Number of protein chains: 2
Amino acid sequence: MAKKIQPIERCDCDVIHEEIVNKVREKMPQEETLYDLAELFKVFGDSTRIKILWALDESEMCVCDIAFLLNMTQSAISHQLRVLKQAGLVKSRREGKTVFYSLEDEHVKQIFDQGLIHISEESK
Amino acid sequence: MAKKIQPIERCDCDVIHEEIVNKVREKMPQEETLYDLAELFKVFGDSTRIKILWALDESEMCVCDIAFLLNMTQSAISHQLRVLKQAGLVKSRREGKTVFYSLEDEHVKQIFDQGLIHISEESK
DNA sequence: AATATATATGAAAGCTTATTCAAGTGTTCA
DNA sequence: TGAACACTTGAATAAGCTTTCATATATATT
């Protein structure tokens with residue numbers, strides 16, 4: 001995918017590679033899109049949240065069940081669930097005193113799978 | 001980040017839902033796998049790194065070109081390239097004084113795409 | 001109404017991380 | 001050899017994040 005460039009000895013970068021930089025700049029998505037993408041991956045970048053998402057992919061669960069499953073305080077889980085909810089990754093429904101959480105977006109597993117492919121490639 | 005060793009108090013909820021929790025626990029991947037997955041997404045969770053990866057997907061580039069493209073100092077870019085390299089996402093080759101970076105893993109774009117699907121779904 | 005249970009939340013502590021600055025390495029060329 | 005260039009690296013600072021603790025809210029039960 002990466003295009004070879006001419007063997008340039010000097011890097012008067014701004015001048016000589018200007019063409020490449022301009023071409024890349026044109027093809028780059030909007031600043032905001034890339035920012036949003038980073039924000040999404042940031043949410044995935046914590047093992048507690050990864051575990052929560054993985055668990056919810058298996059089954060709808062209430063807060064204290066998740067806390068017990070992961071051996072963490074209910075408060076910590078609640079805080080993380082809020083992050084996940086704000087990211088549009090999980091949703092909740094109340095049933096009496098209990099609040100059940102479940103996945104909002106079915107692509108979560110697919111994002112995980114792509115990540116796992118990279119990890120398995122790397123460990124070769 | 002550091003996890004508590006002390007056991008989490010179980011609520012009545014846990015007793016009732018014990019079956020679900022046990023079922024989910026069985027199906028969860030290894031602790032280490034989930035940790036590695038989070039570490040990978042953590043690397044994607046920064047807009048500077050996202051931009052670098054996106055740029056390198058378009059074309060192999062040298063450090064100061066990336067710095068110019070993103071309007072950042074060469075030092076900052078160099079630090080981030082090291083993170084990306086350690087994650088096995090980019091590779092480098094030296095040509096004289098210049099060091100060219102390119103993508104190491106062709107799945108990067110696919111991971112981005114999955115993320116973008118989520119973002120577009122969310123903005124509906 | 002009072003109490004217990006399940007969850008949410010605000011603030012603070014403690015840790016992580018991104019960028020900057022200054023100094024270093026490696027390469028080319030006069 | 002020395003100066004210029006491209007890049008790297010270590011330390012420091014500042015910003016951000018996760019968890020804990022204490023407290024608040026919502027619901028059910030007696």
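Labels below follow one simple rule: chain letters A, B, ... track the order of the sequence lines, proteins then strands, and each chain is numbered from 1. Just so we're clear, the structure is a prediction, and the values are computed from it rather than from any experiment.
When rounded to the nearest whole Å, the span between CG of B:D65 and P of D:dC7 equals 8 Å. Here the P atom of nucleotide D:dT8 and the CZ atom of B:R93 are 14 Å apart, to the nearest Å. For A:M72 and C:dA8, the CE to C1' distance is 16 Å, given to the nearest whole Å. Here the P atom of nucleotide C:dT16 and the CG atom of A:D46 are 13 Å apart, to the nearest Å. Rounded to a whole Å, the CD1 atom of B:I77 is 11 Å from the C1' atom of C:dA18. Going from atom CG of A:L84 over to atom C1' of C:dA8 covers 15 Å, rounded to whole Å. Per the geometry, CD belonging to A:E39 stands 7 Å off P belonging to D:dC17, to the nearest Å.
Where B:T73 and A:V63 each meet DNA chain C at their nearest nucleotide, the meeting point lying more 5' is that of A:V63. Residue-to-nucleotide proximity on DNA chain C shows that, of A:S92 and A:K97, the 5′-proximal contact is made by A:K97.
Side-chain to base pairing of B:S75 with C:dC21: one donor and one acceptor N or O lie within less than 3.5 Å of each other. Counting atom types as modelled, A:Q74 pairs a side-chain N or O with a base atom of C:dA8 as donor and acceptor under 3.5 Å.
Proximity note for B:C64 (side chain, C-beta onward) versus C:dA8, D:dA28, D:dC7: the nearest is D:dC7. Comparing atom distances between the B:C62 side chain and each of D:dT9, C:dA18, D:dC7 picks out D:dC7 as nearest. Nearest nucleotide to the B:V99 side chain, out of D:dT8, C:dT9, C:dA8: D:dT8.
Between the side chains of A:S92 and A:K85, at least one donor-acceptor pair of N or O atoms lies under 3.5 Å.
By the 5.5 angstrom centroid cut-off and the 30-degree plane limit, B:H79 is classified as stacked against the base of D:dT9.
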Item to complete: Step by step, work out the side-chain contact (heavy atoms from CB on, under 4.5 Å) result for B:I52 and B:L84.
Response: CA-CA 9 Å; B:I52 292 174; B:L84 292 169; 3.7 Å; yes
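For the OP1/OP2 pair of D:dT19 and a distance below 4.0 Å, the side-chain nitrogens and oxygens of A:Q80 include at least one atom meeting the criterion. Using a 4.0 Å cut-off, some side-chain N or O of A:R49 falls inside it from OP1 or OP2 of D:dT18.
In this pair, B:F112 and B:W54 present their aromatic rings parallel. The plane angle is below 30°, not in the 30 to 60° band.
Considering NZ of B:K42 and OG of A:S47, their distance stands at 6.5 Å, rounded to 0.5 Å.
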